[in-house]
Amino acid sequence: MRARWSDDHRDYLSDALALLQGWTHDAGEIRRTLALDDSQHAALTERMKVVADAVGVRPDVRRLDGRTQIRLRVPGTADSELSPGEVTLAARIEDLYKTIIAGAA
């Protein structure tokens, strides 16, 4: 059973989520869609696997119409609260994305 977070912890996660521009937060999950070509997608997913393993989060990554769709959520019910792991992974994905895009320029 998942422990309940304190109000301070919820505030911390809310503040962290607010800094993640481009990510949408809804019912225990955060999502992001990125315009990447196939090689950029491959680079991002490969690097993302390393970070995801380190923080213990399993991202749902899909490729659709030239876009990479990423969904991070806590396994279980749809109303589960996000953990620091999902927020940390989202922030690292943003860093990886910026690095990959900068390398293509």
Side-chain angles (χ1 to χ4, degrees):
M1 175 180 270
R2 191 174 191 94
R4 292 301 239 182
W5 297 113
S6 69
D7 287 340
D8 289 341
H9 186 79
R10 278 190 212 103
D11 290 344
Y12 158 77
L13 288 178
S14 295
D15 290 346
L17 285 169
L19 296 174
L20 292 172
Q21 294 185 8
W23 288 82
T24 58
H25 176 227
D26 183 40
E29 73 176 33
I30 50 179
R31 296 180 304 274
R32 178 87 154 102
T33 300
L34 305 169
L36 298 170
D37 65 27
D38 289 338
S39 64
Q40 292 169 329
H41 169 82
L44 179 67
T45 55
E46 190 63 33
R47 294 172 188 174
M48 190 185 330
K49 286 178 190 178
V50 174
V51 178
D53 286 345
V55 297
V57 174
R58 185 172 174 201
D60 178 18
V61 181
R62 297 173 188 218
R63 185 86 173 135
L64 183 64
D65 297 329
R67 298 189 181 277
T68 299
Q69 300 172 336
I70 304 164
R71 183 173 72 164
L72 306 175
R73 64 186 174 93
V74 176
T77 62
D79 62 350
S80 295
E81 294 179 21
L82 292 170
S83 75
E86 285 84 25
V87 177
T88 299
L89 180 55
R92 292 296 295 131
I93 290 169
E94 280 301 304
D95 290 342
L96 294 170
Y97 172 65
K98 289 173 185 173
T99 300
I100 290 167
I101 295 301

**Q.** From I30 atom CD1 to I93 atom CD1, the distance as rounded to the nearest 0.5 Å
**A.** 8.0 Å
Q.
Any salt bridge linking D95 with K98? Criterion: basic side-chain nitrogen under 4.0 Å from a carboxylate oxygen.
A. no
(Q) Rounded at 0.5 Å granularity, tell me how far NE2 in H41 sits from CD in E46. (A) 10.5 Å
Q: For residues Y97 and L44, report the shortest heavy-atom separation together with the two atoms involved.
A: N-CD1, 4.0 Å
Q: Go through the steps for T99 and R47 under the test side-chain contact (heavy atoms from CB on, under 4.5 Å), then give the verdict.
A: CA-CA 11 Å; T99 300; R47 294 172 188 174; 4.2 Å; yes
Q. Nearest heavy-atom pair of R73 and G28: which atoms, and what distance?
A. CB-O, 3.4 Å
Q. Are the side chain of E29 and the backbone N or O of D26 linked by a donor-acceptor pair below 3.5 Å?
A. no
**Q.** Nearest heavy-atom neighbours spanning T33 and Q69
**A.** OG1-CG, 3.9 Å
**Q.** L34 with L19, same ILVMFWY side-chain cluster at under 4.5 Å
**A.** no
Q: Can you measure from CZ (R31) to CG (L72) and round to the nearest 0.5 angstrom?
A: 10.5 Å
Q: Give a yes or no on whether R67 atom CZ has more than 12 heavy-atom contacts from other residues, nucleotides or ligands under 6.0 Å away.
A: no
Q) Of all heavy-atom pairs between S39 and D37, which one has the smallest distance, and what is that distance? A) OG-OD1, 2.9 Å
Q. Of all heavy-atom pairs between I101 and Q40, which one has the smallest distance, and what is that distance?
A. CD1-NE2, 3.9 Å
Q: Give the intermediate values and the outcome of side-chain contact (heavy atoms from CB on, under 4.5 Å) for residues R32 and L20.
A: CA-CA 10 Å; R32 178 87 154 102; L20 292 172; over 6 Å; no
(Q) Show the nearest heavy-atom pair for residues M48 and I70, with the distance to one decimal. (A) CE-CD1, 4.0 Å
Q. Do H25 and L82 have side chains that get closer than 4.5 Å, going by heavy atoms?
A. yes
